[in-house]
Amino acid sequence: MPSKGWFNLETAGGVIPETQFFEGDSAFKFLGLTRTQRLYGFVGCLVIGFALSILGSVLLFLSQLGSFAVLYTIGILVSLVGTGFVIGFASQLKLMFKPVRLIATAVFLGSVGLVFVGAFVLGNEILCIIFVIIEYLAYTWYNLSYIPYARSAVLKVVGMS
């Protein structure tokens, strides 16, 4: 007997819109995954990425700077890779470097590198924390670019628009 409710997306019958995010260009098309399975993969990557980032943050407070840098960065990259389940890696790369996202992408990728520099070259916890904050803000700004008017709303909330 199929389960009912909001979590069973297969029985929703078209509730998930057929948009560009669910067309056939998924990186996992060759696996024959359904929309629901791809969404589960996406959410799974987000959860795993978040857990790795939290674990890395705990290691920072235990003065394990190198482990923190590796786990935190892997966590945020796993979250980003999760979009491959939805739109595919090639599409993701194309979208990342569109003019509307270019600065956020550059700051995000640069801060990923700077976290490693702060941890392994400089060995400075304070700089690592600053670079992680910059990384998180750039990642958030990048994600907001996919939501219509989200950036404008955030700018209004913080009084910059």
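Here the structure is a predicted model, which is why all the values come from computation and not from measurement. We count residues from 1, following the sequence as given.
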For Leu59 versus Ser67, what's the shortest heavy-atom pair and its separation? CD1-CB, 3.6 Å
Just one of Ile134, Ile76, Leu137 clears the side chain to side chain contact (heavy atoms under 4.5 Å, CB included) bar with Ser111, so which one? Ile134
How many angstroms lie between CD1 in Ile129 and CD in Glu125, if you round to the nearest 0.5 Å? 6.5 Å
Listing request: all ring-ring contact (aromatic ring centres under 6.0 Å, His included) pairs with a residue in residues 54-79, at least two apart in sequence or in separate chains. Phe68-Tyr72
Sub-4.5 Å side-chain heavy-atom contact between Met96 and Leu102: no
Gly82 and Cys45 have their tightest heavy-atom pair at CA-CB, 3.5 Å
Ring-plane angle category for Tyr146 and Tyr142, please: parallel below 30°, perpendicular beyond 60°, tilted otherwise. perpendicular
Should Ile130 and Trp141 be regarded as members of a common hydrophobic cluster, given that ILVMFWY residues are connected when their side-chain heavy atoms come within less than 4.5 Å of each other, either directly or indirectly? no
Consider only side-chain heavy atoms of I, L, V, M, F, W and Y, link residues closer than 4.5 Å, and tell whether Leu52 and Leu62 are in one cluster. yes
Not counting sequence neighbours, which residues clear ring-ring contact (aromatic ring centres under 6.0 Å, His included) with Phe131? List them please. none
For Leu93, I'd like to know if atom CG has over 12 heavy atoms of other residues, nucleotides or ligands within 6.0 Å. yes
Check Asn124 against Leu127 and note the closest heavy-atom contact, atom names and distance. OD1-N, 3.2 Å
Give a yes/no verdict on a cation-pi contact between Arg101 and Phe108, requiring under 6.0 Å between NZ or CZ and the six-membered ring centre and an angle within 45° of the axis. no
Rounded to the nearest 0.5 Å, the NZ atom of Lys98 sits from the OG1 atom of Thr105 at a distance of 12.0 Å
Restricting to non-hydrogen atoms, name the atom on Ala104 and the atom on Ala138 that form the minimum distance, rounded to 0.1 Å. O-CB, 3.8 Å
How long is the gap from CZ on Phe42 to CG on Leu39, to the nearest 0.5 Å? 8.0 Å
Hey, mind stepping through Gln92 and Val81 against side chain to side chain contact (heavy atoms under 4.5 Å, CB included) and telling me if it holds? CA-CA 9 Å; Gln92 176 70 10; Val81 166; over 6 Å; no
Hey, could you give me the SG/CG distance between Cys128 and Leu65, rounded to the nearest 0.5 Å? 4.0 Å
Hey, could you give me the CD1/CD1 distance between Ile48 and Ile74, rounded to the nearest 0.5 Å? 12.5 Å
Does one hydrophobic cluster hold both Val154 and Tyr149, with members joined at side-chain heavy-atom distances below 4.5 Å? no
Apart from Ile54 itself, what residues make up its hydrophobic cluster, given side-chain heavy atom links below 4.5 Å? Phe50
For residues Val157 and Leu144: do they belong to one hydrophobic cluster (side chain heavy atoms under 4.5 Å, members Ile, Leu, Val, Met, Phe, Trp, Tyr)? no
For the CG atom of Leu109 and the CD atom of Glu135, what is their distance to the nearest 0.5 Å? 9.0 Å
Taking atom CZ of Phe116 as the centre, report whether more than 12 heavy atoms of other residues, nucleotides or ligands fall under 6.0 Å from it. yes
Let me check something: do Leu122 and Phe120 share a hydrophobic cluster, defined by ILVMFWY side-chain heavy atoms less than 4.5 Å apart, either directly or through other members? yes
